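Ligands are counted one by one from 1 in listed order, and the atoms in each one are counted from 1 as well. None of these values were measured; they are calculated from a predicted model.
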Amino acid sequence: MSLRSTVDFLLYQWLDAESLRQRARFADHSRETFDAVFDTCERIAREKYAPFNRLVDTQEPHFDGEKVILPQATHDAQKAYAASGMLSAAQDYESGGMQLPYTVEAAANAFFAMASVSIGSGMLTTGNANLLMVHGTDLQKEVFAKNEFSGRFSGTMCLSEPQAGSSLSDVTTRALPDGAYFESEPLGPRYRLKGNKMWISAGEHELTDNIIHLVLAKIPGPDGKLIPGTRGISLFIVPKKMVNTRGELTGVRNDVALAGLNHKLGWRGTTNTLLNFGEGKYPVDGQAGAVGYLVGQPHQGLRCMFHMMNEARIGVGTAATMLGMAGYYASLDYARNRPQGRPITGAGKDASAPQSRIIEHADVKRMLLAQKSYCEGALALELYCARLVDEQHTAEPQAADEARLLLEVLTPIAKSWPSEWCLEANSLAIQVHGGYGYTRDFPVEQYWRDNRLNMIHEGTHGIQAMDLLGRKVLMEEGRGLALLTARINATAERALRVPDLAGHARALAQALQQVSHATQAAWATGTPGDALANAVPYMQAFGHTVLAWIWLDVGLAALRADATKSVASTLGKIGAMAYFYHYELPKIGAWLNVVQNRDLTCANLPEEAF
Ligand SMILES: Cc1cc2nc3c(=O)[nH]c(=O)nc-3n(C[C@H](O)[C@H](O)[C@H](O)COP(=O)(O)OP(=O)(O)OC[C@H]3O[C@@H](n4cnc5c(N)ncnc54)[C@H](O)[C@@H]3O)c2cc1C
């Protein structure tokens, strides 16, 4: 089944994306307009991205002392992406957008992620500009966000510092008011920033006229000291090149300097940078300090930044999913064509018989079905979450609030589950290729290397797990978890009435009870140290239960569309669902065991015993 037909099925037969046109915001849309977007994105991904995926891996970005050089193919691909209107796809018509549902935008971006994740499809630029559309002033929107939507400028997110990754409360970049009249600057209160930002993706390049950095920094308190914790953090727009109120470049370079490029395991088509802010390499008005314009209120920076987190995390989850999917398709193709070995019959092997193709071996089928169940299941989850984003923004108040809460609980899973399991899919894709998979003659090793990032950035696996068990399942008196439980039970009840699915429905209901019991047992002592010591196994079990639910719901839709299972794609979906229930869901027992026993084997081992 091609990606397009999988996306079509999930959107139209499962998620009923067409019904979104009943919302006033999407009234001009129809299946035809959605399909036209997919046609365009598929074509650009096929022509401008996929052929260059290997090239951007081997021709890493390099700094010639003045500029960062990227292959011409990256320039061409990003121009084509911007010209397609995708950077502002979900924005209002008045802002030059298409008012496309986020569900459709997320699905359309999947084509680029599969073709070449590291050429990049503007996720950072769109996220940066979307944030400004919510928290920026009218002029900030006009000067910065709109120029990002058009592709003239690009955007970054500058959170991390060499000494502050997971723990953002420890950022030390400082922002001081720039002169006595700093508050009367039309582009926003003007500050001077000094500090170092590490790991900044797309932090330096020549792809666009300007780069708009969104930077977290601390404004010192009255005593000149930085306020401890995240409370002290504010958000600033720091353009690489200074602009006037019409968005024109003034010819003055801002004091942001590239300290160096990071050379990465994968995702090499995107630059990754250490940036020095305000070290005096490019003084502005004769003075060291990067000029930054405050966004929103002082000390509210992290709250503003979190605005873009749900969508950014769905974006990361989708990227992980599509890398897994790319490996699945590559290994499926390889397995269909590689002759190796012969079938074992009752009389042993007949060496004179023609060889089998490896797809005929049960173990290879196992590896292919595992990939299919991980990747198609993950894609369904991402699109489900994207649909919740649309519900949150356009549904009636109660449904919108439910969508918000469900997203809170599901976002750590949407980010982390594909990062772990679609990476595992990439590993299986290498395995299907045998020794060839371990070489650079086939694309699967690159997919694995590219995908390895996703458990690290946008909150590591460990941090996401602590967010899930330490915050999300508890928030609002557990209302989000209760809502999710109700949705899972509703699917299980419907599936109980379908003979093909009744066994899975019972298994799902039981898994849900196990998760619920483990959640309570983890917190039985009320001590975070006890509960969170096994947050990752908890997230693995929670994630597998969510995926089992998603698969059952998808299975119901597949049988609704083709009750007799006469179409191969229906057999594929039912087979992938069955794989998940037989081979994957039973794993949750082991994961939850340590959670509910509050097992401290790891936590209590003294450092010197390692
Ligand atoms: C290729 C790449 C691109 C990136 N792009 C950006 C970007 O554009 N902008 C940006 O701001 N950042 C970016 N990052 C940074 C990324 O978000 C951080 O690497 C990540 O948040 C982890 O921080 P760290 O690397 O300092 O690791 P650390 O925070 O030091 O973590 C190391 C390990 O310790 C664990 N750990 C840390 N604290 C705890 C805790 N309290 N409890 C339990 N375990 C803990 C972590 O889970 C992890 O396994 C990027 C990183 C990479 C590699």
Inset, instruction - Any chance you could lay out the side chain to side chain contact (heavy atoms under 4.5 Å, CB included) test for V252 and V284, step after step, and finish with the verdict? - result: CA-CA 7 Å; V252 175; V284 180; 4.3 Å; yes
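Summary of contacts: the protein heavy atom closest to atom 9 (N) of ligand 1 is M157 O, 2.8 Å. With hydrogens left out, the protein atom closest to atom 20 (C) of ligand 1 is I456 O, 3.6 Å, a heavy atom. For atom 3 (C) of ligand 1, the nearest non-hydrogen atom of the protein is N272 ND2, 3.1 Å. Counting protein heavy atoms only, atom 6 (C) of ligand 1 is closest to W199 O, 2.8 Å. In this structure, atom 39 (C) of ligand 1 lies nearest to the protein heavy atom I463 CD1, 4.0 Å. The protein heavy atom nearest to atom 8 (O) of ligand 1 is S201 N, 3.0 Å. The nearest heavy-atom contact from the protein to atom 22 (C) of ligand 1 is T460 CG2, 3.7 Å. For atom 24 (P) of ligand 1, the nearest protein heavy atom (residue, atom name, distance) is G165 CA, 3.9 Å.
Shown here is K587, whose NZ atom has more than 12 heavy atoms of other residues, nucleotides or ligands within 6.0 Å. Residue R54 qualifies as enclosed at atom CZ: its count of foreign heavy atoms under 6.0 Å is above 12.
No side-chain donor-acceptor contact under 3.5 Å links N128 and T125.
Distance CH2/W417 to OH/Y374: 7.0 Å, rounded to 0.5 Å. In this structure, the separation between CG on L70 and CD on E60 is 10.5 Å, given to the nearest 0.5 Å. The CG atom of L275 sits 5.5 Å away from atom NE2 of H213, with the distance rounded to the nearest 0.5 Å.
Remark: E204 engages K240 in a salt bridge, criterion side-chain N to carboxylate O under 4.0 Å.
Results of the salt bridge (charged side-chain N to carboxylate O under 4.0 Å, His left out) test with R313 over E458, E382, E408 single out E458 as the only residue that passes.
At least one heavy atom of L453 lies less than 4.0 angstrom from ligand 1.
On a distance-only criterion, C158 and ligand 1 share no N/O pair closer than 3.5 Å.
Not a single protein heavy atom sits closer than 4.0 Å to atom 49 (O) of ligand 1. Shown here, atom 32 (C) of ligand 1 is out of close reach of the protein: none of its heavy atoms lies under 4.0 Å off.
The shortest side-chain heavy-atom distance between T519 and L481 falls under the 4.5 Å cut-off.
Only side-chain heavy atoms of K264 come within less than 4.0 Å of ligand 1; its backbone N, CA, C and O stay farther off. Residue M466 touches ligand 1 through its side chain alone, judged by heavy-atom distances below 4.0 Å.
Checking S166, G462, S167, S160 against atom 38 (N) of ligand 1, the nearest heavy atom belongs to S166.
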